[in-house]
Amino acid sequence: MPSFPKPKIPDAVVPPPLRKPGKPGVGGTPKGQAPSDLKTSPPERKSHGDKLLERGKDAPIDALGWVDQRLAASGFLTGMLFRKVPKGTNWFYTLGSATLFAFIVQATTGVFLAMFYTPSATQAYHSISHINNEVPLGQLVHGMHKWGSSVMVILIFLHMGRTFFFGAYKYPRELNWVIGVVLLILTMTMAFTGYLLPFDQRSFWASIVGININGTGPVVGPYLSDFLRAGPELGATTLSRFYAIHMLLVPGAIIALIGAHMYLVVKLGTTAPPWVKAERPKVASPVSELDAGANGRVNGNRVNGNRVNGSPVSGEGNGAL
Ligand code: HEM
């Protein structure tokens, strides 16, 4: 394995107490020796204002350093941001982060929509038209949330396809795959429950169809559709239930599961693409092989290319764990 040089952390982001002092004679005057022009042009004394300005410039770094000394976050962040990724990592590996970004957009725009939306059967439709027609940037935020939900669903499927075709569901990442499946179900639940919220003709009838489809599931189906409908007919109670699921229950679960998902990604690393072969670990060759190099034989057999006794000397196989 090639060893990468440790990245240098720029001095500007290291708090002054942790900075390495400069070597004597480097970047200044040699140790113990006064600069030759000290008598002719003595250094100007810094004014109080200059000193304040300097301290002001260091203030954000000092504050960060203060927090960091208490959280010990820089070690973790450096480890995470500069961690090694397998050879062959490509654009397909950005689909997970793209899904995460789509979720963050949904969460942010959703918070602003919630400030103006009223989850009542008589008010919901009007609150949405109020958002679209009167609230500044309301149409933009509503549009971002509406289209963003489709974007997130498309991205999550593409990301799942990437992990499937790259074999990333295999040992030791099975648990991350299972968490991903739950995230997929929760994302679909978000899209389904959000669809009813405008409470217009389309969302009303589409939700009836969706609830009935859920009811056709084996064993739990009928219970699930009863739970979703929250009454004999789709109405005000259904809207409240969908709103609670959409606003509180599922986003909380998604945030917790994304946390677990990311933890496992950082802990286990990502899978190499299936076409990347593992590099042979650099270990000392056994003495018998060294001898073979000298006389062309191992245990009496001729050494043929990279094969000894018919078995490959170099590690062959997939680099993906
Ligand atoms: C909210 C939904 C999701 C988010 C935000 C998310 C995010 C991520 C990110 C950022 C990564 C690392 C980079 C990458 O490989 O793309 C990752 C890896 C992974 N994700 Fe997801 N993911 C989600 C849903 C899913 C789903 C639905 C599945 C599968 C059912 C899944 C399975 C995996 C697996 C197995 C890995 C490890 C990949 C590897 O080792 O190469 N994820 N996820």
Side-chain angles (χ1 to χ4, degrees), residues 1 4 7 73 76-111 113-114 144-195 197 210 214 217 242 244-279 317-321:
M1 264 296 256
F4 295 98
F76 166 76
L77 283 177
T78 315
M80 201 184 83
L81 296 175
F82 293 100
R83 69 186 191 279
K84 291 175 188 169
V85 291
K87 251 188 199 166
T89 297
N90 55 37
W91 280 98
F92 291 116
Y93 286 74
T94 58
L95 288 167
S97 312
T99 314
L100 179 61
F101 180 73
F103 175 70
I104 292 169
V105 171
Q106 289 305 94
T108 315
T109 49
V111 167
L113 288 177
M144 282 173 74
H145 196 76
K146 187 177 162 177
W147 290 102
S149 72
S150 302
V151 170
M152 186 171 168
V153 170
I154 292 169
L155 284 173
I156 201 171
F157 273 105
L158 290 177
H159 170 59
M160 186 171 73
R162 196 292 280 170
T163 52
F164 177 75
F165 286 114
F166 282 38
Y169 54 85
K170 293 180 195 166
Y171 176 83
R173 298 185 181 82
E174 300 97 322
L175 185 59
N176 222 12
W177 174 266
V178 172
I179 292 176
V181 171
V182 180
L183 277 170
L184 178 75
I185 294 168
L186 293 179
T187 304
M188 302 303 281
T189 310
M190 284 298 272
F192 177 57
T193 50
Y195 204 80
L197 300 187
N214 273 288
F242 272 43
I245 296 173
H246 189 81
M247 279 281 293
L248 299 167
L249 186 67
V250 180
I254 289 187
I255 291 169
L257 287 175
I258 286 183
H261 199 64
M262 293 296 90
Y263 170 77
L264 286 178
V265 167
V266 173
K267 192 162 171 60
L268 302 173
T270 44
T271 317
W275 55 84
V276 172
K277 302 275 181 224
E279 272 182 27
N318 190 340
L321 252 174

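Read the numbers this way: they start at 1 and go in the same order the structure lists the ligands and their atoms. The figures here come from the full heavy-atom set of this structure, side chains too, leaving out hydrogens, waters and symmetry mates. Each residue takes its place number in the sequence, starting with 1.
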Going through the checks in order, is the side chain to side chain contact (heavy atoms under 4.5 Å, CB included) test met by V250 and T193? CA-CA 10 Å; V250 180; T193 50; 5.8 Å; no

Using a 4.5 Å cut-off on heavy atoms from C-beta on, say whether the side chain of W177 contacts that of R173.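 Counting from C-beta outward, R173 and W177 never come under 4.5 Å.
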
Is the shortest side-chain heavy-atom distance between F166 and T270 below 4.5 Å?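 No, too far: nothing below the 4.5 Å cut-off.
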
Just to confirm my output: which protein heavy-atom neighbour is closest to [atom], and how far is it?
| atom | answer |
| --- | --- |
| atom 2 (C) of ligand 1 | I156 CD1, 3.5 Å |
| atom 38 (C) of ligand 1 | R162 NH2, 3.5 Å |
| atom 27 (C) of ligand 1 | G180 O, 2.9 Å |
| atom 16 (O) of ligand 1 | Y93 O, 3.0 Å |
| atom 39 (C) of ligand 1 | T271 OG1, 3.2 Å |
| atom 35 (C) of ligand 1 | A168 O, 3.6 Å |
| atom 23 (C) of ligand 1 | H159 CD2, 3.6 Å |
| atom 9 (C) of ligand 1 | M262 CE, 3.2 Å |

Keeping the roles fixed (side chain from [X], backbone from [Y]), state whether a donor-acceptor pair exists under 3.5 Å.
| X | Y | answer |
| --- | --- | --- |
| Y169 | M160 | no |
| H159 | L95 | no |
| Q106 | H145 | yes |

Would you say the ring centroid of Y195 lies under 6.0 angstrom from that of F242?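 That pair fails the under 6.0 Å test.
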
Tell me whether W177 reaches ligand 1 (any heavy atom closer than 4.0 angstrom to a ligand atom).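 So W177 counts as touching ligand 1.
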
Heavy atom under 4.0 Å from ligand 1: found in T163's side chain, backbone, both, or neither?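 Near ligand 1, T163 shows its side chain, while the N, CA, C and O stay back.
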
Please work out, at 4.0 Å between heavy atoms, whether the side chain, the backbone, both, or neither of L100 comes within that distance of ligand 1.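 The part of L100 near ligand 1 is both the backbone and the side chain.
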
Show me which atoms of ligand 1 lie under 4.0 Å from any heavy atom of [X].
| X | result |
| --- | --- |
| S97 | 10 (C) |
| R173 | 40 (O) |
| V265 | 11 (C), 12 (C), 17 (C), 18 (C) |

What N/O/S atom of H261 is the closest to atom 21 (Fe) of ligand 1?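 In H261, the heteroatom (N, O or S) nearest atom 21 (Fe) of ligand 1 is NE2.
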
Crowded around M144 CE? As in, over 12 foreign heavy atoms under 6.0 Å?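 No.
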
In terms of heavy-atom contacts, does CZ of F92 have more than 12 from other residues, nucleotides or ligands at under 6.0 Å?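 Open.
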
Give yes if a backbone or side-chain nitrogen or oxygen of G96 is under 3.5 Å from a nitrogen or oxygen of ligand 1, and no if not.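 Yes: some nitrogen or oxygen of G96 is under 3.5 Å from one in ligand 1.
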
Please test T187 against F157 for side chain to side chain contact (heavy atoms under 4.5 Å, CB included), starting from the C-alpha separation and ending with a verdict. CA-CA 10 Å; T187 304; F157 273 105; over 6 Å; no

